[in-house]
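Lettering of chains follows the sequences in order, A, B, ..., and the numbering in each one begins at 1. Treat the numbers as computed from the prediction; the structure is a model and nothing was measured.
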2 protein chains.
Amino acid sequence: MQREGKKVRSFEVAELAQISRSTVSRALAGDPRISKATRERVLAAAAELGYQPNLIARGLKNSTTGIIGVVVTDLNNPYHAHALQLLIEKMGLKHLAPLVFVGNTAEGAEHAIERLMSYQVDAVIALAAPFLEHVIEACLTRSKPLVLMNRYDGSEPVSAVGGDGGAAGRLVADHLVSCRARRFAFFAGEDRTGISWEREQGFSERLKELGHAIDVTISAPYTYRAAVVAAHEMLREEPDAVFCANDTLAIALMDAARSTGGQMPLIVGYDNSTFAQWPIYDLTSVDQNLDEMTTRTVEIAIAIAREPKRAPDRQMIQPSLVVRGSTSRTIK
Amino acid sequence: MQREGKKVRSFEVAELAQISRSTVSRALAGDPRISKATRERVLAAAAELGYQPNLIARGLKNSTTGIIGVVVTDLNNPYHAHALQLLIEKMGLKHLAPLVFVGNTAEGAEHAIERLMSYQVDAVIALAAPFLEHVIEACLTRSKPLVLMNRYDGSEPVSAVGGDGGAAGRLVADHLVSCRARRFAFFAGEDRTGISWEREQGFSERLKELGHAIDVTISAPYTYRAAVVAAHEMLREEPDAVFCANDTLAIALMDAARSTGGQMPLIVGYDNSTFAQWPIYDLTSVDQNLDEMTTRTVEIAIAIAREPKRAPDRQMIQPSLVVRGSTSRTIK
DNA sequence: TTGGGTTGTGCACACGTGTGAATAATGCAA
DNA sequence: TTGCATTATTCACACGTGTGCACAACCCAA
């Protein structure tokens, strides 16, 4: 094992194994033309010197770096943080490295994206970026593979993986009706046309099929503070059951209900975040199945990077409902 | 602006400006030997073609990539997520790119670190990694610059930036005494010898100076569930004021106190996380000044990378106390 | 010995960039 | 014109790797 010394290059390995540098490269790549004997000699030498190939040089030669650019908005949002973590893990399994770029940057978005591209990333994964249009344009211009995760607005010809918000809405409708709720509300997010809208649609449709309807709809930004204000407004309408577009909204609603001391409606959140499991909340919530979603996202990114002419791929991940205490009562 | 075309190399720029490739390189680097006139011609040509230098090639040539490896444990911990976000932003300002590697990997830590090194990162920043010894050893072996953030155990000759837990403990002691508390408790974290211990020491020392002492100490792992259990034990001791090693512990304690309906002690947390600001908690908490901490961390990383023989640098960031409702009552 | 197949290795180039040394261009004095 | 100093530009190499092609070694048949 090398200590304190300079970088070990493939040349040193070749020297030690008394063989040419090309043979070292082929042996390590598993080229069948190399004989068993020499391959083992090479592997032994490489192990002895602690040789690790210089991936920058390899990237230059192969023009494929194994680096994936990941664009994310705000890591203070635990949902995004969790998604990023899973993404990085999945990428690790595929021997890819994430070059992460966070949206809230002082550097200026376009400038930062340029820099991302300069690193010759094999693909870009965008995870709910607010300046999404910049990312999309930058990738299309350079015809760089791009996968949107959980933020497909339908307009651009790019690959995307998302949760099936409509299906989730229907699941929730079924569940709440089975709890014998009668007066239903939807606590919408800021972006009434985006993901929040899909969820509302599925919820509304399924309720209609079951002979009910959404009686109240109120929307709020996705921040806790703003949500608390809207939550009080919501509570004045005295719904039996509220489907919230987000766990943050749901928690704000629970806190608001507690502080007023009135009757707490059945509450369902979305994202199944960490605090949904906390005993004080014990919140029934839609699980987006982030594990599968991230796996598919990485798979698609790899596929496009390998075969750039491939048509954009769009996948819907089926969500599931995690039932907890916040909907365990039945309305009498 | 290029569209759909192949990559633009410096060669194309040279061709368009009717000049040699070397001159392009120097002009863009601001070499004073290049005349004003040609420099501007080059800049115009580069802008017209949308030229962005290939940082992989540059990295190979200069053997400095501008990539910093960032090792982090668990992004589900909002504190770590926030720290990572700030780190990435600061790095962006310095034109550095973060190659992120998350601890909870299925790939195996050592293997992942090897891969990180293979990308020729200029330095490594480790943010509370559980397999820290692997990271340290890997960096020392290759004499790769390493900065530990918020996790220095004192044993190894590496640079580190951390919060001054002792000073924080003293701040808290002053504050709680000024609230006229008499029976003090410390809610410790799992790692009694690490950062939790520093905080406890400062707290204890200052209390002694003021004629008091820590009457109760109970420790728990840093997870909400485990903390709730320990919190009930803590409450049976009926302390006036509790200093918690962590916001998670503090919140678990508040929830536990609420669920039993007994008297709520004064509570101080640590990290000033998002939920400390939530109205239901409104938690007084120590702010580690992560903004400054991350700035310094990046600065040190750059300094060491530039000058590898430099002695390890260790800095303490002074924390501050954010007073909120959880300590606004005064004990009568 | 010659010829042809099979197998294993080495030479030399390319990826795109930065940079030291060499060279051309210009000015100025003799 | 020549000689010398200064300035602007180009040449050619290096960074560490992968790979097409040529080539050596070997066996076997004629």
**Student:** Whole angstrom is fine here: how far is it from CG in L55(B) over to C1' in dC15(C)?
**Tutor:** 15 Å
**Student:** Going by atom types alone, do Q318(B) and N289(B) pair a side-chain donor with an acceptor below 3.5 Å?
**Tutor:** no
**Student:** Specify the residue among A29(B) and A57(B) whose closest nucleotide of DNA chain C lies further upstream toward the 5′ end.
**Tutor:** A57(B)
**Student:** Nearest-nucleotide wise, let me know which of R41(B) and F11(A) is further upstream toward the 5' end of DNA chain D.
**Tutor:** R41(B)
**Student:** Check whether Y119(A) reaches the backbone of A97(B) with its side chain - one donor and one acceptor, N or O, closer than 3.5 Å.
**Tutor:** no
**Student:** Within the structure shown, what part of the strands sits under 4.0 Å from S35(B) by heavy-atom distance: base, sugar-phosphate, or nothing?
**Tutor:** sugar-phosphate
**Student:** Just how far, in rounded Å, is C1' of dT19(C) from CG of D31(B)?
**Tutor:** 10 Å
**Student:** Any side-chain N or O of Y119(B) below 4.0 angstrom from OP1/OP2 of dG16(D)?
**Tutor:** no
**Student:** OP1 or OP2 of dT17(C) sitting under 4.0 Å from any side-chain N/O of Y51(B)?
**Tutor:** yes
**Student:** Any idea which of dC21(D), dG18(C), dT17(D) is nearest the R26(A) side chain?
**Tutor:** dC21(D)
**Student:** Could you check whether K90(B) pairs with D291(B) (Lys NZ or Arg NE/NH1/NH2 to Asp/Glu carboxylate O, under 4.0 Å)?
**Tutor:** yes
**Student:** Decide, yes or no, whether a salt bridge links R142(A) with E114(A) under the criterion of side-chain N to carboxylate O below 4.0 Å.
**Tutor:** yes
**Student:** Could you tell me whether S25(B) contacts a base, only the sugar-phosphate backbone, or nothing, with contacts defined as non-hydrogen atoms closer than 4.0 Å?
**Tutor:** base
**Student:** I19(B) near the nucleic acid: base, sugar-phosphate alone, or nothing, with a heavy-atom cut-off under 4.0 Å?
**Tutor:** sugar-phosphate
**Student:** Rounded to the nearest angstrom, tell me the gap between atom CZ in R21(B) and atom P in dA12(D).
**Tutor:** 13 Å
**Student:** Rounded to whole Å, please give me the gap between CD in E15(A) and C1' in dG16(D).
**Tutor:** 15 Å
**Student:** Check every atom of dT19(C), dC15(D), dT17(C) against the side chain of S22(B) and return the nucleotide holding the closest atom.
**Tutor:** dT19(C)
**Student:** Taking only the side-chain heavy atoms of S20(A) (C-beta and beyond), determine which of dA12(D), dG10(C), dT17(D) contains the nearest atom.
**Tutor:** dG10(C)
**Student:** Taking atom P of dT6(C) as reference, at what distance in whole Å does atom CD1 of I34(A) sit?
**Tutor:** 19 Å
**Student:** Taking CD from E40(A) and P from dG8(C), how many angstroms apart are they, rounded to a whole number?
**Tutor:** 13 Å
**Student:** Under 4.0 Å, heavy atoms only, any strand: does R58(B) hit a base, just the sugar-phosphate, or nothing?
**Tutor:** sugar-phosphate
**Student:** Nearest to the R33(A) side chain among dT9(C), dT17(C), dC15(C), which nucleotide is it?
**Tutor:** dT9(C)
**Student:** Quick check for you: among dT9(C), dC15(D), dA12(D), whose closest atom lies nearest to any side-chain atom of K61(B)?
**Tutor:** dC15(D)
**Student:** Is T23(A) touching bases, backbone alone, or none of the nucleic acid, heavy atoms closer than 4.0 Å?
**Tutor:** sugar-phosphate
**Student:** Can a side-chain donor-acceptor contact be found between S159(B) and D313(B) if the only test is distance below 3.5 angstrom?
**Tutor:** no
**Student:** Is E40(B) salt-bridged to K36(B), going by a charged N under 4.0 Å from an acidic O?
**Tutor:** no
**Student:** Nearest whole angstrom, please: distance from the C1' of dA14(D) to the NZ of K7(A).
**Tutor:** 15 Å
**Student:** dA14(C) C1' sits how many Å from I56(B) CD1, rounded?
**Tutor:** 17 Å
